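Just so it is clear, the structure is predicted and the values come from calculations on it, not from any experiment. Counting convention: from 1, in listed order, for ligands and their atoms alike.
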Amino acid sequence: DAKSRGRGTSSLFQPTMDVRAAARRQNENDLRKALALREFSLHFQPQIDLQRNVIVGFEALLRWHHPERGLISPMEFIPLAEEIGLIVPLGEWVLSQACLAASCWPSDISIAVNVSPCQFGDTDRLIDAVAEALAAADMPGSRLELEITESVLLQDADRVLDALHRLRAMGVRVAMDDFGTGYSSLSQLHSFPFDKIKIDRSFVKDRADDRGQDAVIRAIAALGGSLGMATIAEGVETPEQLARIREGGCKIVQGYLFSRPIPVEEVDLMIARHNSKKNTDN
Ligand code: C2E
Ligand code: MG
Ligand code: MG
Ligand code: MG
């Protein structure tokens with residue numbers, strides 16, 4: 001193998017693999033230390049109710065400020081955090097910070113927190129973490145919404161169902177994130193107590209054939225409606241996309257058209273500007 005041929009040879013023949021493995025190890029070490037070093041923060045992206053044109057909630061989105069590499073996307077480090085088991089303490093940190101932030105906002109504004117499927121590996125621990133985050137923030141469960149992806153449903157269904165029922169008993173709402181990208185969606189949707197469906201950005205994005213997409217959006221909104229679930233569209237970037245979402249019957253939107261995810265310091269001003277303007281408009 002490469003090792004037995006000696007250092008010089010192996011670096012000649014397998015430079016990228018060695019470099020990649022080393023970079024991964026480095027990332028892993030950095031990630032393990034990042035929580036203690038306070039390198040994480042949350043950004044918040046508003047969710048807008050189209051009928052009333054007010055902000056009804058924010059989604060908390062995790063950011064990693066690496067001292068040398070700068071801002072690193074969650075798409076890059078969440079999978080690694082899941083692999084090395086760090087996602088459990090990290091997810092608990094997100095829950096507590098998100099609830100603390102939201103406890104300072106008007107009480108009709110909710111906070112959505114992404115929960116990794118790995119956190120459903122120990123549902124008792126997850127529920128304890130939720131209860132603790134709510135208690136520490138002195139916030140009712142009804143202001144918290146957990147976003148989970150379809151892959152959670154591939155786990156032991158009884159255990160997941162039990163956890164969802166316990167969460168709902170605390171008043172916490174559950175949204176299915178990235179709806180339509182997994183394969184279990186339609187067969188499983190009706191048997192799980194979701195409050196909300198988040199239509200994946202891939203259905204909102206412009207494509208050559210948007211007649212088909214409009215039909216899909218309409219169908220998901222109708223399906224949600226008949227199951228008693230609200231629908232929210234994510235990734236709305238243009239007025240044209242917004243018009244299509246609206247026509248499709250989807251009542252809540254989130255996307256760059258309204259705002260990118262913003263630092264916590266900017267949330268108060270955004271709520272004041274957006275929501276109070278509506279009150280004087282009417
Ligand atoms: P997600 O939960 O589906 O979050 C939506 C993603 O779409 C966010 O990316 C958001 O910044 C982005 N987005 C919002 N509006 C638009 C838009 O109009 N156009 C485009 N192109 N993108 C838009 P972000 O923040 O990079 O997060 C990526 C994913 O990382 C999230 O997808 C979620 O799966 C995961 N993630 C983020 N924070 C957490 C967390 O605290 N815990 C866990 N377990 N996962 C997280
Ligand atoms: Mg989400
Ligand atoms: Mg999503
Ligand atoms: Mg996603």
Side-chain angles (χ1 to χ4, degrees), residues 31 34-35 39-48 55 57-65 70-102 110-122 125-126 129-130 133 144-152 173-182 185 194-207 220 230-242 244-245 250 252-264 266 270:
L31 194 56
L35 200 52
E39 289 169 2
F40 292 111
S41 71
L42 295 180
H43 280 199
F44 297 90
Q45 188 178 35
Q47 304 178 325
I48 290 92
I55 295 172
F58 284 85
E59 177 176 4
L61 294 157
L62 191 56
R63 298 291 178 257
W64 181 16
H65 307 262
L71 204 63
I72 303 179
S73 158
M75 307 283 252
E76 233 181 287
F77 68 82
I78 296 274
L80 184 57
E82 288 174 333
E83 236 175 274
I84 65 177
L86 187 78
I87 195 69
V88 172
L90 183 54
E92 291 170 354
W93 180 86
V94 172
L95 270 168
S96 71
Q97 295 302 302
C99 289
L100 278 178
S110 61
I111 179 73
V113 174
N114 293 287
V115 174
S116 162
C118 303
Q119 292 177 266
F120 277 83
D122 184 345
R125 180 166 175 171
L126 173 63
V130 169
L144 177 63
E145 184 169 285
L146 301 183
E147 297 194 357
I148 65 179
T149 53
E150 293 165 63
S151 59
V152 169
R173 281 166 296 144
V174 184
M176 170 169 279
D177 205 351
D178 303 339
F179 182 77
T181 56
S185 33
F194 292 105
D195 299 278
K196 201 186 253 181
I197 301 173
K198 289 193 89 167
I199 302 178
D200 191 68
R201 184 159 64 87
S202 55
F203 299 108
V204 176
K205 262 197 294 210
D206 299 306
R207 282 201 222 145
I220 298 175
T231 45
I232 172 168
E234 60 182 353
V236 179
E237 295 181 349
T238 67
E240 292 74 27
Q241 290 169 353
L242 177 63
R244 286 172 29 219
I245 292 300
C250 185
I252 310 170
V253 291
Q254 182 181 341
Y256 294 168
L257 177 64
F258 296 92
S259 171
R260 293 195 172 245
I262 56 172
V264 66
E266 296 174 22
M270 177 172 289

(request) Would you mind naming the N, O or S atom of D178 nearest to the Mg ion (ligand 3)? (result) OD1
(request) Determine, for E92 against R125, whether the closest basic-nitrogen to carboxylate-oxygen distance falls under 4.0 angstrom. (result) yes
(message) Within the 4.5 Å heavy-atom criterion, are Q45 and L61 side-chain neighbours or not?
(response) yes
(message) Regarding ligand 1, does E59 bring an N or O atom to under 3.5 Å of one of the ligand's N or O atoms?
(response) yes
(request) Report, in ascending order of atom number, the atoms of ligand 1 lying under 4.0 Å from any heavy atom of V94. (result) 41 (O)
(request) For ligand 1, note which part of R201 has a heavy atom under 4.0 Å away: side chain, backbone, both or neither. (result) side chain
(message) Is any side-chain heavy atom of I197 closer than 4.5 Å to one of F194?
(response) no
(request) Pick one of side chain, backbone, both or neither for how N114 approaches ligand 1, counting any non-hydrogen atom pair under 4.0 Å. (result) both
(message) Using only atom types and a distance under 3.5 Å, with no angle test, would you say the side chain of E150 pairs donor to acceptor with the backbone of G180?
(response) yes
(request) State the atoms of ligand 1, each with its element, that fall below the 4.0 Å cut-off from a heavy-atom position in Q45. (result) 14 (C), 15 (N)
(message) Are F179 and T231 packed together at the side-chain level, in the sense that at least one heavy-atom pair is separated by less than 4.5 angstrom?
(response) no
(request) Write the atom name of the N, O or S atom in E59 that is nearest the Mg ion (ligand 2). (result) OE2
(message) For W93 and F40, take the angle between the two ring planes, folded into 0 to 90°, and tell me which bin it lands in: parallel under 30, tilted 30 to 60, perpendicular over 60.
(response) tilted
(request) Just let me know how L62 lines up against ligand 1, side chain, backbone, both or neither, with a heavy-atom cut-off below 4.0 Å. (result) both
(message) Please classify the L90 to ligand 1 contact at 4.0 Å (heavy-atom distances, strictly less than): side chain, backbone, both or neither.
(response) neither
(request) Consider ligand 1: state whether an atom of it lies below 4.0 angstrom from any non-hydrogen atom of G235. (result) yes
(request) Tell me which one of Y256, F77, F258 gets a heavy atom nearest to atom 12 (C) of ligand 1. (result) Y256
(request) Using atom types as modelled and distance alone, determine if a side-chain donor or acceptor of E147 lies under 3.5 Å from a backbone N or O of M176. (result) no
(message) Walk me through whether I48 and I252 qualify under side-chain contact (heavy atoms from CB on, under 4.5 Å).
(response) CA-CA 5 Å; I48 290 92; I252 310 170; 5.8 Å; no
(message) As an exercise, identify every atom of ligand 1 less than 4.0 angstrom from a heavy atom of E237.
(response) 17 (C), 18 (O), 19 (N), 20 (C), 21 (N)
(request) Heavy-atom distances under 4.0 Å are what count here, so tell me which part of H43 touches ligand 1: side chain, backbone, both or neither. (result) neither
(message) Can a donor-acceptor pair be found, under 3.5 Å and without considering hydrogens, that links the side chain of D177 to the backbone of I148?
(response) no
(request) Tell me whether E234 has at least one N, O or S atom under 2.8 Å from the Mg ion (ligand 2). (result) no
(message) With side chain to side chain donor-acceptor pair (under 3.5 Å) as the criterion, how do Q47 and Q254 come out once you've worked through the C-alpha distance, each side chain's angles and the decisive distance to 0.1 Å?
(response) CA-CA 5 Å; Q47 304 178 325; Q254 182 181 341; 3.0 Å; yes
(request) Could you tell me whether Q254 and ligand 1 have an N or O pair separated by under 3.5 Å? (result) no
(request) Can you sort out which atoms of ligand 1 are near E234, meaning under 4.0 Å from one of its heavy atoms? (result) 3 (O), 5 (C)
(request) State the atom name: nearest N, O or S atom of E147 to the Mg ion (ligand 2). (result) OE1
(message) Below a 4.0 angstrom heavy-atom separation, can you tell me which part of R260, side chain or backbone, both or neither, approaches ligand 1?
(response) neither
(message) Do I262 and M270 make a side-chain contact, defined as non-hydrogen atoms from C-beta onward lying under 4.5 Å apart?
(response) yes
(request) For atom 43 (C) of ligand 1, state which one of T181, I78, V113, D178 supplies the nearest heavy atom. (result) I78
(message) Using a 4.0 Å cut-off to any heavy atom of R63, which atoms of ligand 1 qualify?
(response) 11 (O), 24 (P), 25 (O)
(message) So that I can tick it off, tell me whether E59 and K198 are bridged by a salt bridge, with the cut-off set at under 4.0 angstrom between side-chain N and carboxylate O.
(response) yes
(request) Measure V236 to ligand 1 on non-hydrogen atoms and call it side chain, backbone, both or neither using the 4.0 Å cut-off. (result) backbone
(request) Report the part of S116 (side chain from C-beta onward, or backbone N, CA, C, O) that has a heavy atom under 4.0 Å from ligand 1; answer both or neither where that applies. (result) both
(request) Please name the atom of D177, restricted to N, O or S, that is closest to the Mg ion (ligand 2). (result) OD2
(request) Indicate yes or no for a side-chain donor-acceptor contact from Q119 to the backbone of S116 under 3.5 Å, with no hydrogens or angles considered. (result) yes
(message) Using modelled atom types and a 3.5 Å cut-off, is there a donor and acceptor pairing between side-chain atoms of Q241 and backbone atoms of T238?
(response) yes
